[in-house]
Peer 1: 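The structure is given below, and queries will be raised subsequently.
The chains referred to below are lettered A, B, ... by the order of the sequence lines, with proteins before strands, and numbering in each begins at 1.
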Amino acid sequence: MRAQAATPLPVRSDAVQGLLTRKRCLMSRYAPREVESKWQSAWAEAGTFTAAEDTSKPKYYVLEMFPYPSGRIHMGHVRNYTMGDVIARYKLSTGHNVLHPMGWDAFGMPAENAAMASGGHPAEWTYDNIAVMRDQMKPLGLSIDWSREFATCDPEYYAQQQALFIDMLEAGLVYRKNAVVNWDPVDMTVLANEQVIDGKGWRSGAEVERRELTQWFFAISEMAEELLDALDGLKDWPEKVRTMQANWIGKSRGLQMGFEMTAPVGDHSMVEVYTTRPDTLMGASFVGLSPDHPITRELEKTNPDLAAFCAEVRRGGTTEEALETAEKRGFDTGLTVRHPLDPSWELPVWVANFILMDYGTGAIFACPAHDQRDLDFARKYNLPVIDTFVAAEGGSPVETEAFVPAKTEKVKYINHFADLDLATGDEGIAATIDFAEKAGWGTGVTKYRLRDWGVSRQRYWGCPIPVVHCDTCGVVPEKKENLPVELPKDVSFDKPGNPLDRHPSWRQVPCPKCGTAATRETDTMDTFVDSSWYYARFTAPRATTPTDLSAADYWMNVDQYIGGIEHAILHLLYSRFFARAMQRTGHLQEKAIEPFNALFTQGMVTHEIYQTRDANGRPVYHLPEDVDAETRILKASGEPVEVIPSAKMSKSKKNVVDPVSIIESFGADTARWFVMSDSPPERDVEWTAAGAEAAFKHLGRVWRMAQDLCQSAAETGPAASSDAALARATARAIDEVTKGIEGFAFNKSVAKLYEFTNTVAKSQAPAPERAAALRTMAQLMSPMTPHLAEEVWSMLGGEGLVADARWPVADPALLVDDTVTLPIQVNGKRRSEISVPKDMPKEEVEKLALADEAVQRALAGGAPKKLIVVPGRIVNVVV
RNA sequence: GCGGGCGUGGCGGAAUGGUAGACGCAUCGGACUUAAAAUCCGUGGGCCGCAAGGCCGUGUGGGUUCAAGUCCCACCGCCCGCACCA
């Protein structure tokens, strides 16, 4: 690699070259629209971004989370895809073979809702939206290999997803079971646990109901341990995401044990409980059952009071407020159970509203002394409170506050059966499990919060589950040669529910096994399935199997994945599961079971909200374009608006800025430059009209500088002298911009480029040297503002496309200054500075520092107590 | 309640324990112009001072250090995730 900055401008002596140069310099002002479309055509013609396997270069796969085709791109897309583009273009210019694809996460409810509302077909709606969004996205000048584009609703894609499903079914990773499911009564479909937020459907916001249905599941919980353990290896993922996933998987180690009932209820003679604090067993006060526990159900049949209690609890709902304010309430069943360590010790059995059926066994033993909920309950119903342990020092019995120390904390056991005295909770727990297992009344059990992933959806616009129900053969997978099981086109959306169920003929098929009349499965897959393997498909998007193993081997893993934090759990966990499932079914290599080597979660684009109020005092929101940003009045009426602090751009608050209109008025480079500047990429960035204009002005300034030099440099020829300061500034710019890009600190790269622009503008260096500096600047800007970079590069005689040029390398010698300015502190406060040669010996620096006027003043004739010299950094005189 | 993050000018934000406020925006002043826009140059934390310079200053209070925005302790505030999880 060579340092571009040091390359002299080629001498242009012949008339043809002169003419060409003059022609390039003709434009009178920066016209982004012309410039941008010109270079986009140039890249397309040259095939600059078409990826092909090439073992002579290191590969680099950069991927941004693909968009849902909602109909319009928004600023969040611009930011997300610009970040990916910066990385992709940078990697390209550092000699990598880059794969940077784009596609569409195209199945889903909105298409069906649109069909219901306006009568079209979801496919039509979706493909129209894709066409519009592609047209809006292309002007951004992203370095995308569009030849790999696909939509997940393409039969070609979902055929392979169905093939995968069948392979997973055969591998035992998919199964069907009767399950109580989360039913969204508005969307009329089942939701995964992950899609229920605070008891409401993630999309509809409707209160979720519980229903029992036969559903398809992916066996993700089987991989809970592996998915948890492997998080440690994801060094280039944000800590936050790893923590969120670990919490979601929710591993706990505890003891499962039975309490013998003194009188059986139906078939039940034992109450099975699970506890993570078995060391508190001697503090047991009562046994608690969930209102949904089988024993409770049995008792309800004969006990109307209990049935009434349970009904009321169930009605209580699971909303956040309900839970927070809900009082601990219980119902004494009158039953008793024996304590496993003392058969004469009988504990009462209560049904309590705070016990969940879907965690553990749905039953607990309560130890009020060491659990606040249990304590509240015990105090309310006058149940005993028995301390098991107290603080190691100065411990006193529990009164109104439960003593719940961390498991790592040492406590003094005062009531235990395994000879424990001073021990940590963890030690106590381990000892108890050990004791119970030896005595045979309990088992150490590891539990996970993670549930199997229910993927059945009773919707039309999704990937059909490729199985057939046959009266004789049962559930039979469709033959692979019959894939895709294609969605019928002639469907109606005039009624709620699943159109596939109502279709007159689609369901009727022969059984793939015995050939007799059978019916198709009408459930379609959760759309999260579609996005769980698309990254692998991009490596060979037209393969006739889900993946092409040699292409996958070459391109996988994704080296850098970029997207929103909102996908920290669902999408990323499912993708990790799918990569493992694909490896087990032979569709990915072992190395790809963690598909994303590095993850970056970018912040949102926000904007102020402008509101007025209607006659009833209800807020009315206004688009930024309708408001004068400075005076804060409505342009149309002159009415003042209330300004609400910046929030995520959202249609409902109307605080949106349309990328299309920004591109039209300022160009794509301005939009790209702006979203990369100011805010660190992981944080939110606030879109402001002033900021966008400033970005535009800056790009215009760079363009003008190039324009000026384009003319003068062409006339002047190479320089006789050279300007050391400019060379050094160039080297520093290369160094810092590069570091910024590599460290995902694009805002710092942008800041450095501003600084470098100022330096070049003020430089008195000969024109060819300034032109060289500007060519380097064009390269450094090219990941962010690729079109302007090409324009400047070409105006100043750069060879070929800047997109093909090798990233500049700073000469290390130029990064070190011969002389350094050392600040001089007196007692830690900066008082003066001296300029010294960079390798001046310490003793001489000391001498100079002490001779300094400010130091002399501070010393007032005395001697310093201490003198610290940090070479090349600072001097501190202590007086 | 548990886990994670953050708090720096009027604003967005810089700052391997080593000159706090890089860079951008806003402001103000100047140049160019008949004028305006555009552009260019300068100013740009607060207070005192003509200046040189001084004092204060990174949410609050303590501590470690020659030196703290940065490290430690306690507190306050904001944001995000999880949560009657046994």
Side-chain angles (χ1 to χ4, degrees), chain A residues 29 197-198 238-248 250 252 254-255 273-278 280 288 290 318 320 322-324 326-328 352-356 358-367 370-374 376-377 404 406 447-449 565-566 568-569 630 646 673-674 677-680 682-695 697-698 700-701 704 736 745 747-758 761-762 821-833 853-854 857 864-870 872-879:
Chain A
R29 63 189 172 81
I197 295 149
D198 298 335
E239 184 66 41
K240 183 187 168 86
V241 174
R242 290 192 282 163
T243 308
M244 283 164 73
Q245 294 222 347
N247 289 342
W248 189 264
S252 69
L255 181 72
V273 304
Y274 172 74
T275 176
T276 55
R277 287 311 297 250
T280 64
S290 162
T318 50
E320 202 170 356
L323 289 179
E324 230 152 71
E327 212 186 321
K328 305 287 168 278
N353 65 341
F354 63 89
I355 301 168
L356 308 174
D358 54 6
Y359 189 80
T361 60
I364 61 162
F365 82 78
C367 177
H370 306 298
D371 184 297
Q372 192 59 45
R373 278 170 328 195
D374 294 351
D376 294 345
F377 193 88
V404 192
K447 284 203 187 290
Y448 299 92
R449 215 182 69 109
I565 187 75
E566 67 272 20
I569 299 174
E630 255 169 62
S646 226
W673 184 254
F674 180 78
S677 57
D678 289 350
S679 291
E682 67 277 12
R683 253 189 260 176
D684 293 351
V685 63
E686 182 180 29
W687 185 277
T688 60
E693 268 164 47
K697 280 184 194 170
H698 178 73
R701 185 185 184 206
R704 269 193 315 280
E736 287 180 39
N747 56 322
K748 288 190 227 167
S749 295
V750 168
K752 189 65 207 177
L753 283 163
Y754 270 110
E755 207 179 304
F756 187 39
T757 308
N758 290 333
K762 289 192 181 87
T821 304
L822 287 185
I824 298 180
Q825 295 182 330
V826 175
N827 291 338
K829 287 190 176 162
R830 182 189 170 281
R831 280 296 117 99
S832 180
E833 60 183 36
E853 197 186 331
R857 216 181 308 134
K865 273 195 199 143
K866 207 168 178 184
L867 189 57
I868 290 120
V869 177
V870 184
R873 299 236 56 135
I874 203 160
V875 180
N876 193 7
V877 185
V878 186
V879 299

Peer 1: Rounding to the closest angstrom, what is the interatomic distance between B/A14 and B/G62 at atom P?
Peer 2: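 Nearest-Å result for B/A14 against B/G62 at atom P: 29 Å.
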Peer 1: Quick one: closest heavy-atom pair of A/Asp374 and A/Ile364, and the distance?
Peer 2: OD1-CD1, 4.0 Å
Peer 1: In whole Å, what separates the P atom of B/C6 from that of B/G59?
Peer 2: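 13 Å, rounded to whole Å.
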Peer 1: In whole angstrom, give me the gap between the P atoms of B/C28 and B/U33.
Peer 2: 23 Å
Peer 1: With distance as the sole criterion, is a donor-acceptor pair present between the side chains of A/Tyr274 and A/Ser252 under 3.5 Å?
Peer 2: yes
Peer 1: Pairing donors with acceptors under 3.5 angstrom, does anything connect the side chains of A/Asn758 and A/Arg701?
Peer 2: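 The answer is yes; a qualifying pair exists.
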Peer 1: Spell out yes or no: do the side chain of A/Asn876 and the base of B/C66 have one donor N/O and one acceptor N/O closer than 3.5 Å?
Peer 2: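 Side chain to base: pair found, below 3.5 Å.
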Peer 1: Does a side-chain N or O from A/Arg701 land closer than 4.0 Å to OP1 or OP2 of B/A38, or not?
Peer 2: no
Peer 1: Taking only the side-chain heavy atoms of A/Trp248 (C-beta and beyond), determine which of B/G24, B/A83, B/A14 contains the nearest atom.
Peer 2: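 Side chain of A/Trp248 sits closest to B/A83.
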Peer 1: Looking only at the side chains, is there a donor atom on one of A/Glu833 and A/Thr821 sitting less than 3.5 Å from an acceptor on the other?
Peer 2: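 No pair is found: no donor N or O on one side chain lies under 3.5 Å from an acceptor on the other.
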Peer 1: Return yes if the base of B/U16 and the side-chain atoms of A/Arg873 contain a donor-acceptor N/O pair under 3.5 Å, otherwise no.
Peer 2: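 It does, because a donor-acceptor pair links the side chain of A/Arg873 to the base of B/U16 below 3.5 Å.
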Peer 1: When the P atoms of B/C76 and B/G61 are considered, how many whole Å apart are they?
Peer 2: 15 Å
Peer 1: Based on the glycosidic angle (syn within 90° of 0, else anti), state the conformation of B/G54.
Peer 2: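 Judged by the O4'-C1' to base torsion, B/G54 sits in anti, the angle falling more than 90° away from 0.
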Peer 1: Looking only at atom P, what distance separates B/C84 and B/C72, rounded to whole Å?
Peer 2: 33 Å
Peer 1: Taking the P atom in each of B/C47 and B/G9, what is the distance between them to the nearest angstrom?
Peer 2: 15 Å
Peer 1: Are OP1 or OP2 of B/C55 and a side-chain N or O of A/Lys829 less than 4.0 angstrom apart?
Peer 2: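 For A/Lys829, the contact criterion (side-chain N or O under 4.0 Å from OP1 or OP2 of B/C55) is not met.
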